Number of protein chains: 2
Amino acid sequence: MSSGMSDEETETGLPASFEMAWGVRDRPTKGPKRGLSLEQIVDAGIHVANTEGIGGVSMGRVAKELGASAMSLYRYVASKDELLALMIDGAFGQIEIELVDGTWRERLKRWAEVELVAYRRFPWILRIPVTGAPIMPRQLWYMEQGLRTLGGTGLEEHEKLSAVLLVTSFTRSFAMLSGDIAAAFEAGDPTTARIMPRYGELIKKLTTAEEYPALHAVVDAGTFDEDGEEFDNLDYDFHFGLERVLDGIESLINRRNA
Amino acid sequence: MSSGMSDEETETGLPASFEMAWGVRDRPTKGPKRGLSLEQIVDAGIHVANTEGIGGVSMGRVAKELGASAMSLYRYVASKDELLALMIDGAFGQIEIELVDGTWRERLKRWAEVELVAYRRFPWILRIPVTGAPIMPRQLWYMEQGLRTLGGTGLEEHEKLSAVLLVTSFTRSFAMLSGDIAAAFEAGDPTTARIMPRYGELIKKLTTAEEYPALHAVVDAGTFDEDGEEFDNLDYDFHFGLERVLDGIESLINRRNA
DNA sequence: ACTCTACTGCGTAGAGCGTAAACAGTGAAT
DNA sequence: ATTCACTGTTTACGCTCTACGCAGTAGAGT
């Protein structure tokens, strides 16, 4: 508690670096000028994550990227977890949210596609365990955009929130699954890479048609055969699932307006 | 490569410990009797995760639980990641999957509820980053059960799969969010605990109603006020979202049978 | 101008992690 | 009886996050 960026109490209860990201909290004017900035550090972390994966992100590695020492980062960030949270927010800030006009359904669909693009550009985001509800600026901004797409639908506010959470949860899960599959084809994770191209084959080797009839039926239908070979197929699967989600929301909207 | 459990090639391409979990691969009969078993180790790992959280799970800690040395575990498991994957599967094996008869909708709903129960009993599962498609016995068995609920619906096989993935992805995401909220109330994570009870309040402090009108509307509607106080509310939110998902699937089923 | 003192970045060090390597004991196969 | 694949363990290496203390910096107060 004697040095470094502590998580001291403030009126928001947020860590100091988070308030920094919000633009709240004015820097003290006393000591020497700061050699770095929070934004620099976060960007460096994102750069390392983009090029070397989330596993390559260590305090020392990020500091090296900036020609600084590992400990110097702790003047800007209280812990590595804080840095990771800030990196997620920074990544969301780098995607341009170009939304469209139209029906709520078109708007919400476009909104979900933007999120998928973000996960494809920054796949390491999905490897960072989620902790708590979103509190960072860009994430809340993204939520705001999502809620707006449901304006004029006649839904209750809490229903809008649930609907938006529904869409993000699907997008996130799909990005996880498809990201792993796509990554397995490209780079060579020794475990995943060997497994995925022969997923259907593998299932049939491990399970019997008597015990796992439904699973075998899916495999026999060729579902896994062409999966993942191209992004086109993955895109198709994404939209297929998304349309189901939107159907569910539409069904609720219709009931509310009946 | 000279000692330990290597990830040597086999006909499945799976790590040796995974084949062990499947019951494939016969133990070599040569050397001294084994002092431990894969199941023991996995159970010990689950026990540590249950009592001390996923952060408490280290090779040394798990070995200590069994009165063995850390390195001895590597005779059964090639890496910590493998152990974690086996722990997830072991946890799924500990929940009793009591499904019901009835309409596909009732069956699928019950199926999702079982998964939620699993995440509540083993919250640490959600903290383990997902890697690749499911290949462990209990997870595939659970998928099998899910696919079966959609028998006789007239859906294509790949549509059944998508529908099942849709339901799990929602359940998983919901469990993550609600688990964090519930945990914040109970134990005291310094960051999350202070934030969640005043989430709505916090949002209004950080954002303006001009820039974030939709978000403010949700907060003003009192959506966050009583959230998380009791499990009842969380249960309500879960079923609300789940019904939306089921509506989406129903809409597809109706179209296929039209 | 001079001190105060809050603040800066950094070097050191500690505790903990996963796991590679080498080693001595074991017991079925020969 | 010998062989040798297999066992659990000890030791050690490299890496991680980060608590602590130190020297230098520069605005504030006098």
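Hydrogens, waters and symmetry mates play no part in the numbers below; they use all other heavy atoms, side chains included. Order of the sequence lines fixes the chain letters, A, B, ..., with proteins taken first and strands second; residue numbering starts at 1 for each chain. The structure presented is a predicted model; accordingly, all values stated were derived computationally and were not measured.
At the phosphate of D/dT7, neither OP1 nor OP2 sits under 4.0 Å from any side-chain N or O atom of B/Tyr74. OP1 or OP2 of C/dA29 has not a single side-chain nitrogen or oxygen of B/Lys30 nearer than 4.0 Å. For B/Ser72, a side-chain nitrogen or oxygen approaches OP1 or OP2 of D/dT9 to under 4.0 Å.
Put simply, CZ on B/Arg61 is 17 Å from C1' on C/dG18, counting in whole angstrom units. Spacing between atom CE of A/Met71 and atom P of C/dG14 amounts to 15 Å, rounded to whole angstrom units. D/dC6 atom C1' lies 14 Å from atom CG of B/Leu36, rounded to whole Å. One atom, CG of B/Leu73, and another, C1' of C/dA20, lie 15 Å apart when rounded to the nearest Å. Distance B/Met59 CE to D/dG8 P: 13 Å, rounded to the nearest Å. Residue B/Ile54 contributes atom CD1, which lies 14 Å from atom C1' of C/dC17 at whole-angstrom precision. B/Lys64 places its NZ atom 19 Å from the C1' atom of D/dG8, with the value rounded to the nearest Å. Note: CZ (B/Arg75) to P (D/dC6) measures 10 Å, nearest angstrom.
For B/Pro32, the side-chain atoms get nearest to C/dG25 when compared with the rest of C/dT19, D/dT18, C/dG25. When distances are taken from the side chain of B/Ser69 to each of C/dG27, D/dT9, C/dT19, the shortest belongs to D/dT9. Ranking C/dT19, C/dT8, D/dC6 by closeness to the A/Tyr76 side chain, first place goes to C/dT8. With distances taken from any side-chain atom of B/Arg34 to the nucleotides C/dT8, D/dG8, D/dT18, the minimum falls on D/dG8.
Contact annotation for B/Ser58: backbone-only contact, meaning every heavy-atom pair under 4.0 Å involves sugar-phosphate atoms and none involves a base.
Mapping B/Gly31 and B/Lys80 onto DNA chain C by nearest heavy atom places B/Lys80 closer to the 5' end of the strand. Nearer the 5' end of DNA chain C, as judged by each residue's closest nucleotide, is the contact made by A/Gly67, out of B/Asp81 and A/Gly67. Comparing B/Ala68 and A/Lys33 against DNA chain D, the residue whose closest nucleotide sits nearer the 5' end is B/Ala68.
Between B/Glu52 and B/Arg61 there is a salt bridge, with a side-chain nitrogen of the basic residue lying less than 4.0 Å from a carboxylate oxygen of the acidic one.
Between B/Tyr119 and B/Phe174, the gap from one ring centroid to the other reaches at least 6.0 Å. Here B/Tyr212 and A/Trp141 bring their ring centres to under 6.0 angstrom of each other.
Looking at A/Glu19 and A/Thr12, their side chains do bring a donor and an acceptor atom within 3.5 Å of each other.
The aromatic rings of A/Trp111 and A/Tyr142 lie parallel to each other, with less than 30° between the two planes, well short of the 60° mark.
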